[in-house]
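A short worksheet on the structure shown next.
Just follow the structure's listing: the first ligand is 1, and inside any ligand the first atom is 1. Along the sequence shown, residues are numbered consecutively beginning with 1.
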Amino acid sequence: MTEFDRASFFTIHADLPREGPGETADVAWAAEVSNLRPGARICDAASGPGGDIGALLRAAPDAHVTAIDAHGPFIEAAHARWGADKRVALQVGDFKAITGPYDFIWSAGAVYFSGIEYMLPLWREALAGGGAIAFSEPCLFTASPSDGAIAMWDGYNRLTNTQGIAAQITRAGFQTIATRMLSDVAWESYYRPMEDRITKLRRVADDRMHIALDKAEAEIARWRKHRAETGYLLSVVKPA
Ligand SMILES: C[S@@+](CC[C@H](N)C(=O)[O-])C[C@H]1O[C@@H](n2cnc3c(N)ncnc32)[C@H](O)[C@@H]1O
């Protein structure tokens, strides 16, 4: 991505409610299968603007959520919503460097930057005894995906199916407790606000911004076309 592309990207993405697909029901499900206890210490690792913080707080009475993201403006956006809440700590930082201890590490749409087999062992030390990690990972839902479905993931070389993800989790020294596919609602919760943003920016866009907007629209259209073939698999895992 060139410097200018980055600028366009962050203009499109500034102040969106979330930066990847997800919905409250995913968090509630993951917390339930993890047996999250009252007072749980939770990390939202690569939180973006904090779209999951409310659901995480609702998942366990008296929980405390530390939300970490590398992009300062996303944490600023989270601050506007959660800065006054004592149950929430917001940090600009690297999710690879979290130390914990946490009872629950939640990471939506970010583990795949480095991969399951790199990230899970890294987080093992940050996990309290009995703790769990929940993360979403690109996944193929068919044995014969179309080129368009594969292209959704920009050449992601670890792209695999549910069995392949489970195998990576095992090789990382963890066991899969439960999995579920992210729903269409989760994806539309990400893409509909982005579409509104695209419509607004079109009115004032220069040529370069139009190119970035075309790209964002193409991404949305591609997911809608190929959503039966690929998407995110949410896995809840614990050390083996
Ligand atoms: C696809 S977005 C998902 C954000 C959020 N979990 C959500 O679902 O709305 C990925 C996020 O990972 C963050 N990120 C990328 N590398 C990171 C790192 N090394 N440490 C912390 N955050 C990182 C990005 O800034 C971005 O907010």
Side-chain angles (χ1 to χ4, degrees), residues 1 5-31 42-57 59 65-82 88-100 102 104-116 118-123 126 133-139 152-154 156 158-159 180-195 197 215-216 219-220 222-223 230-236:
M1 200 184 279
D5 288 331
R6 277 180 64 82
S8 300
F9 176 89
F10 285 117
T11 302
I12 295 169
H13 284 254
D15 299 324
L16 292 180
R18 52 180 314 120
E19 280 301 318
E23 59 170 329
T24 300
D26 294 331
V27 176
W29 170 83
I42 298 173
C43 181
D44 186 350
S47 63
D52 290 323
I53 292 175
L56 288 166
L57 287 170
V65 175
T66 301
I68 297 172
D69 197 277
H71 187 58
F74 289 160
I75 290 296
E76 276 167 37
H79 211 269
R81 283 181 67 198
W82 297 105
V88 178
L90 301 162
Q91 296 173 11
V92 178
D94 185 352
F95 72 164
K96 296 192 193 95
I98 61 172
T99 52
Y102 295 113
F104 187 53
I105 299 174
W106 168 262
S107 191
V111 163
Y112 74 93
F113 296 143
S114 298
I116 294 168
Y118 181 82
M119 291 304 295
L120 294 188
L122 211 58
W123 284 343
I133 299 173
F135 67 96
S136 52
E137 172 75 11
C139 185
M152 259 187 67
W153 304 107
D154 287 332
Y156 179 49
R158 288 178 288 263
L159 184 61
R180 78 178 207 163
M181 274 167 51
L182 261 65
S183 70
D184 287 358
V185 169
W187 283 86
E188 294 290 357
S189 301
Y190 172 46
Y191 283 144
R192 293 228 172 126
M194 202 197 293
E195 281 182 315
R197 173 64 49 79
K215 204 173 156 198
E219 177 192 321
I220 297 169
R222 195 157 53 191
W223 170 72
T230 188
Y232 274 118
L233 185 78
L234 186 58
S235 296
V236 173

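Evaluation of the side-chain contact (heavy atoms from CB on, under 4.5 Å) rule for H71 yields F10, D69, P73, F74 as partners, not counting sequence neighbours.
Between I53 and L90, the closest side-chain pair of non-hydrogen atoms falls below 4.5 Å. Two residues are said to be in side-chain contact when any heavy atoms from C-beta on lie closer than 4.5 Å; F113 and M119 fail this criterion. Put simply, the side chain of R197 reaches to within 4.5 Å of the side chain of D15, judged on heavy atoms. Residues M194 and H13 are in side-chain contact: their nearest non-hydrogen atoms beyond the backbone lie under 4.5 Å apart. V65 is not listed as a side-chain neighbour of F104, based on a closest heavy-atom distance of 4.5 Å or more.
Some N or O of D69 is nearer than 3.5 Å to an N or O of ligand 1, by distance alone.
Closest approach of F95 to I68, counting heavy atoms only: N-CG2, 4.3 Å. Residues P121 and I116 come closest through the heavy atom pair CD-O, 3.8 Å.
Only the backbone of S47 comes within 4.0 Å of ligand 1, judged by heavy-atom distances. At a heavy-atom distance under 4.0 Å, only side-chain atoms of F74, from C-beta outward, approach ligand 1.
With ligand atoms numbered from 1 in the order given, ligand 1 contributes 7 (C), 8 (O), 9 (O) to contacts under 4.0 Å with heavy atoms of G20. When each atom of ligand 1 is checked for a heavy atom of G48 under 4.0 Å away, the hits are 4 (C), 5 (C), 27 (O). Those atoms of ligand 1 that come under 4.0 Å of a heavy atom in G93, given as number and element, are 20 (N), 21 (C). For ligand 1, the atoms lying closer than 4.0 Å to a non-hydrogen atom of D94 are 18 (C), 19 (N), 20 (N). Against a heavy-atom cut-off of under 4.0 Å, G109 is close to the following atoms of ligand 1: 1 (C), 10 (C). The contact set between ligand 1 and A108, taken as ligand atoms under 4.0 Å from a residue heavy atom, comprises 3 (C), 5 (C), 6 (N), 8 (O).
Taking atom 18 (C) of ligand 1 as the reference point, the nearest protein heavy-atom neighbour is F95 CD2, 3.4 Å. Looking only at protein heavy atoms, the nearest one to atom 12 (O) of ligand 1 is A46 CB, 3.4 Å. From the protein, the heavy atom lying nearest to atom 23 (C) of ligand 1 is A70 CB, 3.7 Å.
When the options F135, F113, F10 are ranked by their closest heavy atom to atom 15 (C) of ligand 1, first place goes to F113. Nearest residue to atom 2 (S) of ligand 1 from Q91, E19, R18 is E19 (criterion: closest heavy atom).
Note that OG of S114 and CZ of R158 are 7.0 Å apart. Values are rounded to the nearest 0.5 Å.
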